[in-house]
Amino acid sequence: AFGNVHGVYKPGNVVLRPELLGDFQKYAEKKLSNTMPLTFVFHGGSGSEKDKIAQALSNGVVKMNVDTDTQWAYWSGLKEFYEDNELFLQGQIGNPKGLDKPNKSFYDPRKWVREAETSMRDRVKESCKDLQNV
């Protein structure tokens, strides 16, 4: 296992050193007579810099955990939907288009959950690109 701590922290508070993985690989190669004999899981990958992710991959990382990033992406999609439609989410009837206009299409959970899921999907796609698996 390799990584920082779970969650996202201010840059500089957690020092990620993926070059150490290369050192571990070299040591293991000498002992096992194999090229790149170790595989690593990158724990606490959320918020990591793209260059550190790339370096970790080149040194044997095969999986990266990004739960915090995907949770934030889900929340962000929901929050953005609310902010964009706030005036339609104050009651079942009545909005900027008229006092008698219904708001069901805005507060229907299928609508705002879809927006949250779309945001999370986009974040997962970004991680897949970062991990070079698409």
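In this chain, numbering begins with 1 at the start of the sequence shown.
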A.B. asks: Do any pairs count as a salt bridge (Lys or Arg N to Asp or Glu O under 4.0 Å) and have a residue in residues 82-103, sequence neighbours left out, and if so which ones?
C.D. replies: K79-E83

A.B. asks: The criterion is salt bridge (Lys or Arg N to Asp or Glu O under 4.0 Å); which residues satisfy it with R17, sequence neighbours excluded?
C.D. replies: E19

A.B. asks: Show the nearest heavy-atom pair for residues C128 and V134, with the distance to one decimal.
C.D. replies: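 Nearest heavy atoms, C128 then V134: CB-CG1, 3.6 Å.
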
A.B. asks: What distance separates L21 CG from F40 CZ, expressed to the nearest 0.5 Å?
C.D. replies: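 The distance works out to 5.0 Å.
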
A.B. asks: Could you walk me through whether L89 and N103 pass the side-chain contact (heavy atoms from CB on, under 4.5 Å) test, one step at a time?
C.D. replies: CA-CA 7 Å; L89 297 167; N103 297 316; over 6 Å; no

A.B. asks: Test of understanding: clusters of I, L, V, M, F, W, Y form through side-chain heavy atoms closer than 4.5 Å, transitively. Do M120 and W75 belong to the same one?
C.D. replies: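 In one cluster with M120: W75, yes.
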
A.B. asks: Please identify each residue that fulfils side-chain contact (heavy atoms from CB on, under 4.5 Å) with N65, with sequence neighbours left out.
C.D. replies: V41, H43, K63

A.B. asks: Which residues pass the salt bridge (Lys or Arg N to Asp or Glu O under 4.0 Å) test with K129, not counting sequence neighbours?
C.D. replies: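 So K129 forms no salt bridge (Lys or Arg N to Asp or Glu O under 4.0 Å) with any residue.
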
A.B. asks: Check this for me: E126, atom CD, are more than 12 non-hydrogen atoms of other residues, nucleotides or ligands nearer than 6.0 Å?
C.D. replies: yes

A.B. asks: Side chains of D67 and Q71: do they bring a donor and an acceptor to under 3.5 Å?
C.D. replies: yes

A.B. asks: Check residues 27-37 and write down every donor-acceptor pair under 3.5 Å in which the side-chain atom is one partner and the other belongs to a residue at least two apart or another chain.
C.D. replies:
{"unit_1": "E29", "atom_1": "OE2", "unit_2": "M36", "atom_2": "N", "d": "2.9"}

A.B. asks: If you apply the rule side-chain contact (heavy atoms from CB on, under 4.5 Å), what do you find for R123 with Y74, and how did you get there?
C.D. replies: CA-CA 9 Å; R123 182 60 184 90; Y74 190 94; over 6 Å; no

A.B. asks: Provide the closest heavy-atom pair for V66 versus G45 in the form atom of the first, atom of the second, distance.
C.D. replies: CG1-C, 4.3 Å

A.B. asks: Which atom names give the shortest non-hydrogen contact between L38 and F24, and what distance separates them?
C.D. replies: CD1-O, 3.8 Å

A.B. asks: So if I apply the side chain to side chain contact (heavy atoms under 4.5 Å, CB included) rule between Q55 and each of I53, L57, N59, D51, which one comes out positive?
C.D. replies: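 Among the candidates, only N59 passes.
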
A.B. asks: Tell me which pairs pass side chain to side chain donor-acceptor pair (under 3.5 Å) where either residue lies in residues 110-121, with sequence neighbours left out.
C.D. replies: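 Non-adjacent pairs meeting side chain to side chain donor-acceptor pair (under 3.5 Å): D108-R110, K111-E115.
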
A.B. asks: Would a hydrophobic clustering, with Ile, Leu, Val, Met, Phe, Trp and Tyr connected at side-chain separations under 4.5 Å, put L87 with Y82?
C.D. replies: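 No.
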
A.B. asks: To the nearest 0.5 Å, how far apart are CZ in F42 and CG in L16?
C.D. replies: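 Taking CZ in F42 and CG in L16, the distance rounds to 4.5 Å.
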
A.B. asks: Checking the side chain of D130 only, and the main-chain atoms of A54 only, is there a donor and an acceptor separated by less than 3.5 Å?
C.D. replies: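 Flag not set: sc D130 to bb A54 has no pair under 3.5 Å.
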
